[in-house]
Structures are given as structure tokens and as C-alpha cells.
Student: 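There's a structure below that I have some questions on.
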There are 2 protein chains.
Amino acid sequence: MDNTETPPADMCSLREVLDLVGDKWAIRVLVQLGGGPRRFSELERALDGVSRRMLSLTLRGLERNGLVTRKVYPEVPPRVEYTMTAHAAELDEPLHALSAWAAKHREKVGAARRAYDA
Amino acid sequence: MDNTETPPADMCSLREVLDLVGDKWAIRVLVQLGGGPRRFSELERALDGVSRRMLSLTLRGLERNGLVTRKVYPEVPPRVEYTMTAHAAELDEPLHALSAWAAKHREKVGAARRAYDA
DNA sequence: CTGGATCCCAAGAGATACTG
DNA sequence: CAGTATCTCTTGGGATCCAG
């Protein structure tokens with residue numbers, strides 16, 4: 001066997017991660033929560049352009065999958081804080097690796113795109 | 001400053017990567033191409049469930065962004081081979097990191113989901 | 001303040017048919 | 001073989017209004 005195959009990336013796992021954080025706002029929320037617990041309205045302001053509806057849906061999803069915990073303070077006016085879970089925090093490194101790749105190859109991608117469009 | 005902030009993950013870069021490979025089929029195509037050049041029909045068979053249309057659109061996108069090159073052999077019947085570019089190959093490691101995270105925390109995610117749904 | 005409910009539009013994606 | 005063109009259905013997501 002002289003093939004040069006890369007050990008097959010685990011498609012199943014890859015899909016699972018994207019299903020968890022591949023949507024429009026999930027990663028941005030996690031990045032915010034990486035800086036510590038945040039209230040709903042704080043997130044709303046920090047994530048420029050997000051609608052209440054989408055923020056809510058995104059947080060529900062993250063909570064459902066155990067990436068975020070929701071803590072309600074029985075006060076008036078109501079206060080709710082969202083916090084990253086421990087294993088969500090472990091996503092930080094893989095995410096940085098992706099981020100680094102993008103930063104490194106940004107120019108090449110841009111050039112390829114311009115060339116293709118011409 | 002005693003804050004415990006993680007160095008802010010680069011949101012911009014993160015978004016760029018997801019725009020490149022965050023759609024339904026792109027990553028699967030890249031995983032296939034990681035095993036060497038593939039023909040259109042080979043990909044079509046390997047990616048179970050993909051439609052011709054989506055495979056075509058996905059390949060166009062990857063090609064446009066310089067992640068894949070398209071080589072046409074002037075034969076009859078026609079033959080076309082798709083190949084990963086060098087910098088697309090560098091995505092392999094970050095992707096593996098994500099994949100590893102998913103594999104490691106699969107149970108926790110599943111449990112969280114079952115708990116939430118109950 | 002925190003969000004759920006509803007309406008509506010636009011993008012995503014499957015099925016089918018046709019062409020170089 | 002390797003696609004493109006339509007057509008249609010589904011899903012994502014914004015706007016707005018209502019409620020605990």
C-alpha cells in the first residue's frame with residue numbers, strides 16, 4: 001500500500017460540531033461568553049445586528065447542547081446571565097486554529113476570488 | 001488588570017472560515033479530496049445524499065475561493081478531476097482538532113440534550 | 001429586562017429535465 | 001460524463017407585537 005491518504009478526518013464529528021456552532025450567531029455568542037458571563041441585553045448590544053429572536057434561539061440551542069448555562073436571578077427587573085460551560089471553553093483552541101488558518105490564507109483566498117470572478 | 005479573559009478569538013477570521021466551508025457539503029468534499037484527486041461522479045457517489053446541483057455549486061464555491069482546482073481532460077467521454085490546493089490541505093489539522101473535540105464531548109452533548117428535552 | 005408568538009420574505013436545497 | 005436550468009418546497013432569519 002503506497003497510498004498517501006491522510007487519516008480520514010472524522011466526518012461524523014465534524015458535522016456534529018458544525019451542527020452545534022455552525023449557524024450564524026453561535027460562535028459569536030461563545031466568543032463573548034469567553035470573556036465571562038453576560039446578560040441577554042449585553043449580548044444583544046455586543047453582537048451587532050442580531051435580532052432578539054435569533055439571540056434567543058441561539059442561546060436556547062447552546063443551552064440545549066450543554067455549551068451554555070442559563071442562570072435567572074429572581075429580581076425585578078429580571079436579570080439573566082449566560083455562562084460558557086467547561087467543555088464549551090475547550091472549543092477555544094480548535095477555534096483559534098481555524099482562525100489562524102483564515103488569517104494566514106486570507107490574501108490567497110481573496111486573490112483566488114478576484115481571479116475567478118474575472 | 002486581573003481579568004481572566006481569553007485572548008479574543010478572531011471573530012472576523014472565524015466567520016471567514018465558516019463562509020468558506022460552513023455549508024452542508026464543503027467539508028465533506030474536502031475530506032474526500034484529502035484522499036487524493038476525485039472525479040465528479042466519484043464525489044457524487046462518495047457523498048451520500050448529495051444532489052448533482054449541490055455538488056456542482058459546492059465545487060464552484062471551493063474553486064472560487066482557491067480551495068480546489070478543477071482539471072478538465074479533453075477526452076471523450078469527458079473527465080474532470082478535482083484536487084485540493086496546498087492551503088486547503090492545511091485546514092486538515094484545525095479540522096481534526098474540532099473533530100477531536102466533538103468525539104471527546106459527544107456523550108456530554110447527548111446527555112445535555114436528553115436532559116433539556118425532558 | 002427577558003423573551004415568546006406571529007407574519008413574511010429571502011436564501012437553501014431537492015427533483016427533474018436538458019445539453020456539450 | 002459532467003454539468004446547467006427551472007421549479008418548487010423547506011428553512012433561516014428579520015420585524016413587530018405581546019407577556020411574565
Side-chain angles (χ1 to χ4, degrees), chain A residues 11 14-30 32-33 36-65 67-84 116-117, chain B residues 11 14-30 32-33 36-65 67-84 116-117:
Chain A
M11 273 311 314
L14 246 18
R15 260 297 118 195
E16 287 173 350
V17 178
L18 287 187
D19 287 344
L20 257 39
V21 300
D23 57 76
K24 192 172 178 182
W25 299 103
I27 284 191
R28 306 187 191 193
V29 168
L30 290 182
Q32 288 299 317
L33 296 185
R38 294 281 187 272
R39 301 182 54 167
F40 188 89
S41 50
E42 289 178 319
L43 291 172
E44 195 177 359
R45 274 188 299 276
L47 279 56
D48 196 61
V50 72
S51 65
R52 264 196 191 69
R53 180 184 123 92
M54 286 316 295
L55 179 54
S56 182
L57 288 179
T58 300
L59 288 168
R60 286 304 146 269
L62 292 173
E63 188 190 359
R64 181 169 115 94
N65 293 309
L67 298 183
V68 155
T69 57
R70 180 170 180 270
K71 164 112 186 179
V72 181
Y73 294 86
E75 308 171 354
V76 36
R79 181 162 62 102
V80 179
E81 272 188 2
Y82 293 91
T83 311
M84 263 182 123
Y116 185 92
D117 291 343
Chain B
M11 274 311 316
L14 246 17
R15 260 299 119 194
E16 287 173 350
V17 178
L18 288 187
D19 287 345
L20 257 39
V21 300
D23 56 76
K24 193 171 178 183
W25 300 102
I27 285 190
R28 306 187 191 192
V29 168
L30 290 182
Q32 288 298 318
L33 295 186
R38 294 281 186 274
R39 302 181 54 166
F40 188 89
S41 51
E42 288 178 318
L43 291 171
E44 196 178 358
R45 273 189 299 276
L47 278 58
D48 196 58
V50 73
S51 65
R52 261 195 192 72
R53 180 185 122 92
M54 287 315 297
L55 179 54
S56 182
L57 288 180
T58 300
L59 287 168
R60 286 305 146 265
L62 292 172
E63 189 190 0
R64 181 169 115 95
N65 292 309
L67 298 183
V68 155
T69 57
R70 180 170 178 271
K71 165 112 186 179
V72 182
Y73 294 85
E75 309 170 355
V76 36
R79 181 161 62 103
V80 179
E81 273 188 1
Y82 293 90
T83 311
M84 263 181 125
Y116 185 92
D117 291 344

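Here the structure is a predicted model, which is why all the values come from computation and not from measurement. A note on names: the letters A, B, ... follow the listed sequences, proteins ahead of strands, and every chain is numbered from 1.
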Student: Of the nucleotides dG20(D), dG3(C), dG14(D), which one has an atom closest to the side chain of V80(A)?
Tutor: dG3(C)
Student: Starting from P on dA2(D), measure out to CG on L59(B) and report it in whole angstrom.
Tutor: 11 Å
Student: Expressed in angstrom and rounded to an integer, what is the separation of E42(B) atom CD from dG3(D) atom C1'?
Tutor: 16 Å
Student: Indicate yes or no for a side-chain donor-acceptor contact from T58(A) to the backbone of M54(A) under 3.5 Å, with no hydrogens or angles considered.
Tutor: yes
Student: Is the shortest side-chain heavy-atom distance between R39(A) and Y82(A) below 4.5 Å?
Tutor: no
Student: Within the structure shown, what part of the strands sits under 4.0 Å from Y82(A) by heavy-atom distance: base, sugar-phosphate, or nothing?
Tutor: sugar-phosphate
Student: Of P78(A) and L57(A), whose nearest nucleotide on DNA chain D comes first from the 5' end?
Tutor: L57(A)
Student: Between L59(B) and F40(B), is any pair of side-chain heavy atoms under 4.5 Å apart?
Tutor: yes
Student: S51(B) has a side chain; which of dG14(C), dT4(D), dT2(C) sits nearest to it?
Tutor: dG14(C)
Student: Please report the distance, rounded to the nearest Å, between CG in L47(A) and P in dT2(C).
Tutor: 14 Å
Student: What nucleotide among dA2(D), dC1(D), dG13(D) has an atom nearest to a side-chain atom of K24(A)?
Tutor: dG13(D)
Student: Assuming nearest nucleotide by heavy-atom distance, tell me which of G49(B) and S56(A) is located more 5' along DNA chain C.
Tutor: S56(A)
Student: Going by an N to O cut-off under 4.0 Å, is there a salt bridge joining E42(B) and R38(B)?
Tutor: no
Student: Rounded to whole angstroms, how far apart are CG on L55(B) and C1' on dT4(D)?
Tutor: 13 Å
Student: Rounded to whole Å, how long is the line connecting atom CE of M54(B) with atom P of dG3(D)?
Tutor: 15 Å
Student: Report yes if a side-chain nitrogen or oxygen of R79(A) is closer than 4.0 Å to either non-bridging phosphate oxygen (OP1 or OP2) of dT2(C); otherwise report no.
Tutor: no
Student: Can you tell me how far C1' of dG3(D) sits from CG of L43(B), to the nearest Å?
Tutor: 13 Å
Student: Could you work out which one of dG14(C), dC1(C), dA2(D) sits closest to the side chain of R39(B)?
Tutor: dA2(D)
Student: Base, sugar-phosphate, or nothing for R53(B), non-hydrogen atoms under 4.0 angstrom?
Tutor: base
Student: Is the shortest side-chain N/O distance from R52(B) to OP1 or OP2 of dA15(C) below 4.0 Å?
Tutor: no
Student: When the distance from CD of E44(B) to C1' of dC1(D) is rounded to whole Å, what number comes out?
Tutor: 10 Å
Student: Measure the distance from CD on E63(A) to P on dG3(C) and round it to the nearest whole Å.
Tutor: 9 Å
Student: Mind checking whether R70(B) and E81(B) have side chains closer than 4.5 Å, heavy atoms only?
Tutor: no
Student: Which nucleotide in the set dA2(D), dT2(C), dT4(D) lies at the smallest distance from any side-chain heavy atom of F40(B)?
Tutor: dA2(D)
Student: Measuring from the side chain of R70(B) (C-beta onward, heavy atoms only), which nucleotide among dG13(D), dA2(D), dC1(D) has the closest atom?
Tutor: dA2(D)
